[in-house]
Amino acid sequence: MIQLSNLSKLYESKEGNVQALKDINFTVEKGDIFGIVGLSGAGKSTLIRCINLLERPTVGEVSIDHIELTKLTSTQLRNVRKNIGMIFQNYHLLSSRNVFQNIAYPLELIGMKKSDIKERVGHLLCLVGLEDKAKHYPSQLSGGQRQRVAIARALATNPKILLSDEATSALDPITSRSILNLLQEINEKLNITIVLITHEMEVIKQVCHRVAVLKDGEIVETGLVTKVFNDP
Ligand code: ADP
Ligand code: ADP
């Protein structure tokens with residue numbers, strides 16, 4: 001479903017160049033939870049941002065359902081991106097909008113009718129277990145609740161792919177586990193393919209089917225989690 005071929009990323013600046021990614025190749029199958037793990041600075045964030053072209057690779061190709069993204073016009077790319085939701089470590093919620101309004105935001109952008117938005121947001125609130133928090137503002141929520149709002153917002157337009165950029169890194173272990181359980185439920189029930197990046201091996205072991213280990217911009221190991229981390 002997602003295919004990265006010969007992908008490299010060079011950041012160029014006056015202070016010096018950084019080869020953030022070197023010849024990355026992997027395929028994420030439909031329905032997978034695919035984890036990318038590595039130390040800080042390994043290139044994880046650059047890599048996940050290349051999947052929806054938030055970052056342009058210097059060399060190489062990114063294909064989703066056999067469509068080569070780097071060749072698309074900006075309008076075509078916008079359409080592809082509707083199928084890709086994203087969540088972040090810092091939630092990126094709009095603090096001036098309440099929970100309902102945050103989740104409704106991407107639906108307003110695509111011009112959905114008010115009554116349909118109400119129904120859709122109600123459904124999403126149920127999915128993430130925040131039915132009673134619709135009128136709360138982000139500042140009134142715990143970290144785990146904020147991430148649930150972000151997940152609901154990312155799923156609002158019914159994407160086929162969810163990208164997770166260290167979504168549980170700011171959370172305590174118990175809350176982290178509950179968010180990972182929610183991601184697992186979303187993967188299974190809604191058949192959404194998930195690509196996540198993390199510096200925590202535990203996250204990979206808890207939810208991922210496949211893993212790629214990134215070191216200094218290169219994939220040093222990839223395969224089924226059960227094979228790569230074959231604990232005795
Ligand atoms: P990770 O997410 O694994 O911590 P990053 O993808 O953020 O890794 O960074 C990989 C490397 O690229 C690091 O050396 C980082 O300093 C560098 N880098 C990341 N973003 C930029 C940028 N916009 N300009 C220059 N260098 C960058
Ligand atoms: P919180 O930690 O309270 O959830 P964030 O750190 O996510 O807040 O957001 C910081 C600021 O950036 C807020 O004022 C918020 O309104 C703004 N912000 C966050 N995400 C976006 C976005 N996607 N577009 C515009 N502004 C945003």
Side-chain angles (χ1 to χ4, degrees), residues 1-2 28 30-35 48-49 51-52 54 64 78-198 203 206-208:
M1 166 170 232
I2 304 170
V28 180
K30 189 170 161 54
D32 249 4
I33 304 183
F34 190 99
I48 202 164
R49 290 161 60 84
I51 294 177
N52 54 9
L54 278 177
I64 294 184
R78 212 171 305 134
N79 282 326
V80 170
R81 281 191 180 138
K82 282 183 192 148
N83 283 316
I84 311 175
M86 192 157 183
I87 54 174
F88 306 88
Q89 178 172 355
N90 303 323
Y91 325 117
H92 290 201
L93 298 178
L94 297 163
S95 56
S96 61
R97 291 180 150 231
N98 67 27
V99 167
F100 183 100
Q101 292 163 338
N102 264 283
I103 302 171
Y105 189 61
L107 300 172
E108 289 167 10
L109 288 183
I110 61 169
M112 188 183 268
K113 266 203 325 214
K114 262 195 173 164
S115 56
D116 290 344
I117 289 181
K118 214 170 161 188
E119 192 185 326
R120 179 82 188 133
V121 174
H123 173 77
L124 290 158
L125 283 168
C126 250
L127 177 76
V128 300
L130 291 179
E131 301 94 317
D132 55 341
K133 298 280 188 277
K135 296 222 165 83
H136 284 58
Y137 283 82
S139 61
Q140 302 171 299
L141 302 175
S142 70
Q145 290 169 336
R146 288 182 198 186
Q147 196 57 287
R148 286 173 186 271
V149 177
I151 290 169
R153 182 184 55 184
L155 298 179
T157 55
N158 253 326
K160 291 187 225 144
I161 297 168
L162 180 65
L163 304 179
S164 169
D165 184 344
E166 297 274 10
T168 58
S169 297
L171 304 173
D172 65 76
I174 292 167
T175 309
S176 168
R177 186 172 281 268
S178 81
I179 293 296
L180 292 173
N181 286 344
L182 176 60
L183 292 182
Q184 215 160 20
E185 195 182 315
I186 286 163
N187 167 257
E188 284 165 15
K189 278 197 195 154
L190 307 179
N191 199 24
I192 291 178
T193 305
I194 298 177
V195 180
L196 65 84
I197 62 170
T198 180
V203 169
Q206 272 177 46
V207 291
C208 294

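For reference, positions follow the sequence shown, starting with 1.
Pairing each heavy atom of R146 with each of P138, the nearest pair is NE-O, 2.9 Å. In terms of heavy atoms, N83 sits closest to N158 at OD1-O, 4.4 Å. Between N52 and R81 the shortest heavy-atom distance is O-NE, 2.8 Å. I103 and A152 make their closest contact through CD1-CB, 3.6 Å (heavy atoms, listed as atom of the first residue, atom of the second, distance). Closest approach of L162 and A154 over heavy atoms only: CD1-CB, 3.7 Å. In this structure, F34 and C208 approach most closely via the heavy-atom pair C-SG, 4.2 Å.
Contact annotation: the side chain of L107 approaches that of T157 to within less than 4.5 Å [non-hydrogen atoms, C-beta and beyond]. The shortest side-chain heavy-atom distance between S142 and T175 does not fall under the 4.5 Å cut-off. Proximity of L163 to I51: side-chain heavy atoms (C-beta onward) are separated by under 4.5 Å at one or more points. Side-chain atoms of R153 and L93, non-hydrogen and from C-beta on, do get closer than 4.5 Å to each other. With contacts defined as side-chain heavy-atom distances shorter than 4.5 Å, the pair L124/V128 does not qualify. Side-chain contact check for V207 versus I194: every heavy-atom pair is 4.5 Å or farther apart. The shortest distance between side-chain heavy atoms of N98 and Q101 falls below 4.5 Å. Under the 4.5 Å side-chain criterion, counting only non-hydrogen atoms from C-beta, H136 is not in contact with V149.
One distance of note links CD1 of I161 with NZ of K30; it measures 8.5 Å at 0.5 Å rounding. With rounding to the nearest 0.5 angstrom, the CG atom of L183 is 7.0 Å from the CD1 atom of I33. The structure places CG of L180 at 4.5 Å from OG of S176, a figure rounded to the nearest 0.5 Å. To the nearest 0.5 Å, atom CD1 of residue I192 and atom CG of residue N187 are 8.5 Å apart. Once rounded to the nearest 0.5 Å, the distance linking NZ of K160 with CD1 of I64 reads 9.0 Å. Here CD1 of I84 is found 12.5 Å from NZ of K82. Values are rounded to the nearest 0.5 Å.
A salt bridge (Lys or Arg N to Asp or Glu O under 4.0 Å) with E108 holds for exactly one of K113, R97, K118, R120; it is R97.
Remark: E119 pairs with no residue by the salt bridge (Lys or Arg N to Asp or Glu O under 4.0 Å) rule, at least two apart or across chains.
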From CA spacing to verdict: side-chain contact (heavy atoms from CB on, under 4.5 Å), T168, L196 = CA-CA 10 Å; T168 58; L196 65 84; over 6 Å; no
message = Test side-chain contact (heavy atoms from CB on, under 4.5 Å) on M86 and L54; report intermediate values, then the result.
response = CA-CA 11 Å; M86 192 157 183; L54 278 177; 3.9 Å; yes
request  = Under the side-chain contact (heavy atoms from CB on, under 4.5 Å) rule, what do M1 and V28 come out as? Steps first, then yes or no, please.
outcome  = CA-CA 6 Å; M1 166 170 232; V28 180; 5.8 Å; no
key: Candidate pair I151 and I179, rule side-chain contact (heavy atoms from CB on, under 4.5 Å), full reasoning   = CA-CA 9 Å; I151 290 169; I179 293 296; 4.1 Å; yes
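Around the CZ atom of R49, the shell of radius 6.0 Å holds more than 12 heavy atoms that belong to other residues, nucleotides or ligands. Open room surrounds CD1 on I174; 12 or fewer heavy atoms of other groups in view lie less than 6.0 Å from it.
Proximity of a side-chain donor or acceptor of Q140 to a complementary backbone N or O of Y137 within less than 3.5 Å is detected. Put simply, the side chain of D165 never gets that close to the backbone of I197: no donor and acceptor are under 3.5 Å apart. Looking only at distances, a side-chain donor or acceptor of Q147 sits under 3.5 Å from a matching main-chain atom of A167. Side-chain atoms of T193 come within 3.5 Å of backbone N or O of G31 as a donor-acceptor pair.
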